[in-house]
Amino acid sequence: MKLSELKTGETGVIVKVSGHGGFRKRIIEMGFIKGKTVEVLLNAPLRDPVKYKIMGYEVSLRHSEADQIEVLSEEEARRLEKAEVRTARNAALPADPGDGSDKELTPAELSDAADRKSRTISVALVGNPNCGKTSLFNFASGAHERVGNYSGVTVDAKVGHAAYDGYQFNLVDLPGTYSLSAYSPEELYVRKQLVDKTPDVVINVIDSSNLERNLYLTTQLIDMHVRMVCALNMFDETEQRGDNIDVRQLSELFGAPMVPTVFTSGRGVKELFRQVIAVYEGKEDESPCFRHIHINHGHEIENGIREMQEHLKKYPELRQRYSTRYLAIKLLEHDKDVEQLIAPLGDSAEIFRHRDNAAARVKEETGSDSETAIMDAKYGFIHGALEEADFSTGDKKDTYQTTHLIDKVLTNKYLGFPIFFLILLVMFTATFVIGQYPMDWIDAAVSRLGGFIATHMPDGPVKDMLVDGIISGVGAVIVFLPQILILYFFISYMEDSGYMSRAAFIMDRLMHKMGLHGKSFIPLIMGFGCNVPAVMATRTIESRRSRLVTMLILPLMSCSARLPIYVMITGSFFAMKYRSLAMLSLYIIGIVMAVVISRLFSVFVVKGEDTPFVMELPPYRFPTWKAIGRHTWEKGKQYLKKMGGIILVASIIVWALGYFPLPDDPHMDRQARQEQSYIGQLGKTVEPLFRPQGFNWKLDVGLLAGVGAKEIVASTMGVLYSDDDSFSDDNGYSDETGKYTKLHRLITQDVAKLHGISYREAEPVATLTAFCFLLFVLLYFPCIATIAAIKGETGSWRWALFAAGYTTVLAWVVSAAVFQVGMWVM
Ligand code: GDP
Ligand code: MG
């Protein structure tokens with residue numbers, strides 16, 4: 001518990017003191033040392049200060065200060081001990097009668113318990129994007145968080161646990177940041193975490209193949225005065241390249257232990273944790289690697305800092321949360337967040353005056369503003385430190401040179417696009433061509449299962465539900481799993497190798513014309529597989545506006561769930577040679593719509609500034625098969641989840657609506673039976689709504705059913721348009737003569753009836769109707785799972801419902817327009 005929670009007269013043993021370095025130092029100097037017993041002399045709730053007795057002295061603290069001190073009360077210690085005795089007993093042998101263990105604890109026992117409790121260290125992982133934080137997090141905690149070779153994969157904090165050498169580590173994986181300025185939400189978030197959550201130790205992960213830039217963040221962490229251990233990660237790459245660096249020297253210069261590591265193999269991780277323990281245990285005096293240094297920002301800046309600190313020190317609440325030096329530096333950087341923090345203070349006018357004076361003096365002396373001066377000073381510091389640590393990059397094998405060479409080709413003004421489209425072509429061809437084989441196998445297996453149950457189960461509603469509902473519904477979806485996995489395999493490979501960032505880079509200009517960002521491109525491509533993981537993939541987009549617009553237009557990317565209905569309808573209504581063209585046109589219409597809509601949305605709907613952000617070009621890497629496999633699977637899993645949940649339920653509901661109410665005459669034919677079922681009634685009710693598109697009630701029902709998931713459109717059509725022999729009996733739609741002609745005939749008959757024309761006249765109209773139907777399927781309401789994902793990612797129903805609404809309106813308008821124009825032309 002916290003020291004502030006102890007009541008008057010109670011005692012506790014100090015477990016740890018958190019907070020930034022300066023604060024801790026002060027508190028520890030007052031005698032609040034780990035393992036010491038503290039007694040509360042007077043603790044009036046809500047009244048400051050609280051009086052304590054420690055090491056025979058009386059001291060008083062504020063509540064807020066006592067909040068930062070963790071103690072173990074006697075009661076807690078007893079509880080802990082009981083729990084331990086219990087587990088020990090269980091481990092030994094049962095049936096040991098309990099002894100009344102409410103005995104008083106001796107001071108030694110209490111301090112022992114406190115010692116054990118203090119062996120829990122909270123560790124935050126901080127570093128640039130792509131430096132390997134999540135890899136360390138996964139390695140140490142055994143988690144399977146997403147790692148990727150492009151920036152911004154981690155957006156919120158993930159918590160994991162690890163144990164080493166008798167200590168417990170609570171690891172927090174924070175978003176990657178290049179600095180701790182208040183430019184991006186990530187940077188503010190990391191800052192807030194460091195101040196509010198006060199981790200005991202920060203592991204600063206440094207990409208040592210890019211030392212200079214990565215150390216910039218390190219200098220800012222030093223300003224914040226956090227306890228820190230640095231991991232010089234990717235050390236394998238620097239070694240390969242033949243870099244030279246005196247790690248020990250660098251550690252001493254920065255006053256923080258630095259450990260060479262390779263998180264993909266786990267090299268150096270043990271040593272890293274050893275250092276974390278050493279820092280946590282306060283071995284500060286034992287090595288020059290453990291010290292708090294001040295980066296010298298030059299005479300004028302330092303003067304300004306000192307002047308401001310004089311005033312800042314008058315505010316204990318502030319001083320306790322922040323290093324005053326850090327605040328002063330941030331003020332000189334004109335950091336809005338810190339300015340807001342300072343503004344309400346009584347001395348704020350004076351503080352700002354000092355700041356402005358210092359900035360003016362800097363300007364006079366160096367000709368640059370204070371932000372630039374601070375940055376220059378930090379880079380100067382880094383450069384100097386690297387020089388002193390004998391840093392040199394070798395030329396044995398320059399990984400960057402390779403990267404640069406490859407980039408010369410892949411991002412070339414003329415070659416970039418063709419290569420990129422070639423890769424896309426290969427990707428989609430592989431997806432649809434290779435994917436066809438396993439798809440056929442699964443398809444055959446599903447229909448065999450359906451057939452098996454159909455012949456071996458007694459007739460009745462349960463059998464009908466299994467065969468017509470669950471198996472045909474879920475079966476229609478599961479057949480697409482291979483295609484999705486192949487597509488996601490390619491995407492994962494491109495992400496992990498680093499090519500995806502280049503693709504984003506190439507597309508950036510184009511995407512900007514749409515009001516988006518290059519990074520929107522990755523989720524959009526993923527959308528062709530399944531919209532749900534694609535919505536989640538938008539997390540990589542730093543700008544909130546781009547991210548939102550991307551999510552909103554994602555449903556226009558024709559996901560594979562729409563494929564079965566495309567295949568079914570184009571197969572029935574278009575001659576062989578026009579089929580691919582008809583299908584391709586749908587994909588293209590979707591993309592064109594997305595371009596138009598995103599342009600409109602980014603101007604009229606989603607307002608707000610776009611925060612500029614760096615387009616990282618990480619060096620190319622050969623991804624490991626294991627990683628690719630995992631990433632592919634993680635994306636595919638979301639698809640399967642959707643299938644097990646929403647599609648299963650929707651299939652049953654659609655089936656039930658079509659099955660009930662049971663007809664009075666049990667020998668009624670299937671058609672008539674459907675017309676009088678709930679689904680038939682529903683379809684008839686909404687029929688007028690779809691008059692402008694020329695859809696009859698069966699098509700309407702298909703659309704209604706597709707709200708659950710678009711695969712259901714196909715399976716519903718299958719059920720509705722089957723004669724007495726069920727459509728799902730032999731399941732494949734590829735039967736050239738039988739099935740397609742049947743569907744063609746049935747729909748054409750319906751169209752003839754609807755318009756009151758002859759079958760012959762109805763044929764072209766039916767083709768037009770069918771195409772408009774596909775247009776509607778392409779554009780309207782994505783599916784419940786996608787809407788739920790948008791809600792989850794935006795955190796508001798408003799945007800989710802907006803996405804649902806606008807797509808449906810768009811579908812209605814476009815398909816109506818095409819139908820009316822088509823009719824007019826005919
Ligand atoms: P984060 O953005 O900081 O969380 O970085 P990730 O953990 O996602 O890692 C980014 C990429 O670098 C992934 O492809 C990792 O497999 C790779 N990676 C991480 N650590 C190392 C390392 O020590 N050596 C090499 N060669 N690659 C690494
Ligand atoms: Mg990460």
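As the structure lists them, so they are numbered: ligands from 1, and atoms in each ligand from 1. This is a predicted model, so every value here is computed, not measured.
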- Task: Answer with side chain, backbone, both or neither: which part of Val262 has a heavy atom less than 4.0 angstrom from an atom of ligand 1?
- Result: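 Within the 4.0 Å criterion, Val262 contacts ligand 1 through backbone and side-chain atoms alike.
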
- Nearest 0.5 Å please: distance from the CG atom of Leu415 over to the NZ atom of Lys408.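 Rounded to the nearest 0.5 Å, the CG-NZ separation comes out at 13.0 Å.
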
- Ignoring hydrogens and angles, state whether a donor on the side chain of Asn170 or Ser122 is under 3.5 Å from an acceptor on the partner side chain.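 No pair is found: no donor N or O on one side chain lies under 3.5 Å from an acceptor on the other.
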
- Message: Under a 3.5 Å threshold, yes or no: a donor from one side chain and an acceptor from the other, between Glu495 and Tyr488?
- Response: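 Checked: Glu495/Tyr488 side chains show no N/O donor-acceptor pair below 3.5 Å.
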
- So, does Gly176 sit close enough to ligand 1 that a heavy atom of it is under 4.0 Å from the ligand?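 No, Gly176 has no heavy atom closer than 4.0 Å to ligand 1.
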
Can you name the nearest heavy-atom pair linking [X] to [Y], along with the distance?
X      : Y      : result
Ser323 : Asp223 : OG-O, 3.5 Å
Lys16  : Thr120 : NZ-O, 2.7 Å
Phe137 : Leu171 : CE1-O, 3.6 Å

Distance under 4.0 Å to a non-hydrogen atom of [X]: what atoms of ligand 1 satisfy this?
X      : result
Phe263 : 20 (N), 22 (C), 23 (O)
Thr134 : 1 (P), 4 (O), 7 (O)
Ser135 : 6 (P), 7 (O), 9 (O), 15 (C), 19 (C)

- Backbone or side-chain N or O of Asn130 under 3.5 Å from ligand 1 N or O: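 Asn130 vs ligand 1: N/O contact under 3.5 Å present.
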
- Query: For Pro129 and ligand 1, does the shortest N/O to N/O distance drop below 3.5 Å?
  - Reply: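 By distance alone, the answer is no.
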
